[in-house]
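Just below is one structure, and these are the notes that go with it.
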2 protein chains.
Amino acid sequence: MNSSDIALPELPASRTDRRWVEVALADLDAVLADHLHCERKAAQSALSMVRAYPDRPDLVASVARLAHEETSHVVQVTQVLARRGARPRFDLGDDYVQALRRSVRKREPDRLIDHLLVFALIEGRSAERLGLLGEALPDPELAALYRALAAAEVRHRDTFLALALAAGPAAEVAGRATELAAREAEIIARLPIRPRIH
Amino acid sequence: MNSSDIALPELPASRTDRRWVEVALADLDAVLADHLHCERKAAQSALSMVRAYPDRPDLVASVARLAHEETSHVVQVTQVLARRGARPRFDLGDDYVQALRRSVRKREPDRLIDHLLVFALIEGRSAERLGLLGEALPDPELAALYRALAAAEVRHRDTFLALALAAGPAAEVAGRATELAAREAEIIARLPIRPRIH
């Protein structure tokens with residue numbers, strides 16, 4: 001089967017409640033402080049794949065580049081906070097990511113595939129929300145930065161999806177992506193609307 | 001007291017046994033595979049400081065830039081392995097770093113100061129050894145890369161040292177640096193000579 005025959009789901013499978021943008025803009029410093037940790041954790045997750053899967057050189061090369069890009073976002077968000085006279089804050093934890101990770105199957109290569117799909121979903125949701133900020137932020141410079149960050153997260157989503165499709169039979173992986181996308185949509189729908197990325 | 005009056009120790013406080021270079025060149029792929037994980041762990045350690053010390057914005061800004069540079073080294077070492085037709089390997093653990101970390105005091109701000117000094121020592125030792133490879137590697141392109149990586153590690157060492165000096169009374173921190181440098185020299189002297197960075 002050609003990979004172009006595989007029906008890939010939209011990631012994410014749902015749209016963010018529009019009230020989220022109002023809540024986010026009303027406490028932008030909280031969103032930025034949370035965003036800093038999201039980028040940090042994305043970089044750390046990518047680096048943890050280098051540790052766990054050195055026997056997959058193509059994956060290592062991809063996630064190393066990803067980690068490099070995520071760390072540039074950490075630097076950029078730090079600079080935005082400093083320019084606003086705001087400070088980083090302690091990470092409040094991420095019940096969204098924790099809930100998603102509970103769906104990861106235990107046995108390899110299912111574990112790898114699910115991790116890659118979960119990362120693709122997190123990137124996809126982040127891309128959607130950073131894009132919403134990019135449309136809504138009144139400061140044109142900050143809005144442009146968030147549009148650029150959203151575009152980067154779309155690329156990361158697609159990288160993780162391609163890595164997942166390469167890690168197992170593509171039709172099965174696509175089916176699993178559809179399942180996990182539905183699960184992600186449930187999780188995001190039941191979370192409170194709050195000034196965080198998720 | 002002016003910081004120029006503080007007697008800072010040389011980091012590291014000892015020179016690597018010259019036989020290490022022979023052992024390293026005799027199994028360069030093993031050294032490169034180990035080096036990949038050293039850079040990965042350096043990036044992860046820097047990111048863990050962003051998590052632990054968000055209340056210190058200057059530190060966060062510095063270690064975020066450091067993590068960005070370390071991840072570029074992860075990418076570069078991955079590319080060197082690929083060009084040589086070699087592959088990443090599983091991390092064998094690092095008894096050197098584990099032994100050093102056992103010297104970290106528990107109470108803040110001692111804990112932060114010691115962590116920063118331990119990172120400075122690891123960077124200093126890595127700089128020395130990458131520099132030895134940069135002098136000895138027969139491939140001129142790879143030798144040039146290792147000289148550049150060594151220079152980067154020297155900068156990182158100095159960044160961590162400056163952060164440590166800013167985190168406590170400078171004379172006390174310098175004294176602690178001297179103690180930890182002596183401890184590091186003992187640890188490195190009793191390790192077997194092997195095809196790893198430490």
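Per chain, numbering begins at 1; letters A, B, ... match sequence-line order. Just so it is clear, the structure is predicted and the values come from calculations on it, not from any experiment.
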Hphob cluster co-occupancy, B:L8 + B:L180, side-chain heavy atoms under 4.5 angstrom
yes
Would a single hydrophobic cluster contain both A:L116 and A:V154, if residues Ile, Leu, Val, Met, Phe, Trp and Tyr are joined by side-chain heavy-atom contacts under 4.5 Å?
no
Please identify, among A:L47, A:V63, A:L36, the residue contributing the most non-hydrogen atom pairs under 4.5 Å to chain B.
A:L47
What part of A:A52 gets within 4.5 angstrom of chain B, counting heavy atoms only: side chain, backbone, both, or neither?
backbone
Cluster overlap B:V74 with B:L142, hydrophobic side-chain contacts below 4.5 Å:
yes
Can A:L137 be reached from A:I193 by stepping across I, L, V, M, F, W or Y side chains whose heavy atoms are under 4.5 Å apart?
yes
Same apolar cluster: A:V80 and A:V21, side chain cutoff 4.5 Å
yes
Chain B to chain A donor-acceptor contacts, backbone plus side chain, under 3.5 Å:
{"unit_1": "B:D55", "atom_1": "O", "unit_2": "A:R87", "atom_2": "NH2", "d": "3.0"}
{"unit_1": "B:H68", "atom_1": "O", "unit_2": "A:H68", "atom_2": "ND1", "d": "2.9"}
{"unit_1": "B:H68", "atom_1": "ND1", "unit_2": "A:H68", "atom_2": "O", "d": "2.9"}
{"unit_1": "B:H68", "atom_1": "ND1", "unit_2": "A:H68", "atom_2": "ND1", "d": "3.4"}
{"unit_1": "B:H68", "atom_1": "ND1", "unit_2": "A:T71", "atom_2": "OG1", "d": "2.9"}
{"unit_1": "B:H68", "atom_1": "ND1", "unit_2": "A:S72", "atom_2": "N", "d": "3.4"}
{"unit_1": "B:T71", "atom_1": "OG1", "unit_2": "A:H68", "atom_2": "ND1", "d": "2.9"}
{"unit_1": "B:T71", "atom_1": "OG1", "unit_2": "A:T71", "atom_2": "OG1", "d": "3.2"}
{"unit_1": "B:S72", "atom_1": "N", "unit_2": "A:H68", "atom_2": "ND1", "d": "3.4"}
{"unit_1": "B:R87", "atom_1": "NH2", "unit_2": "A:D55", "atom_2": "O", "d": "3.0"}

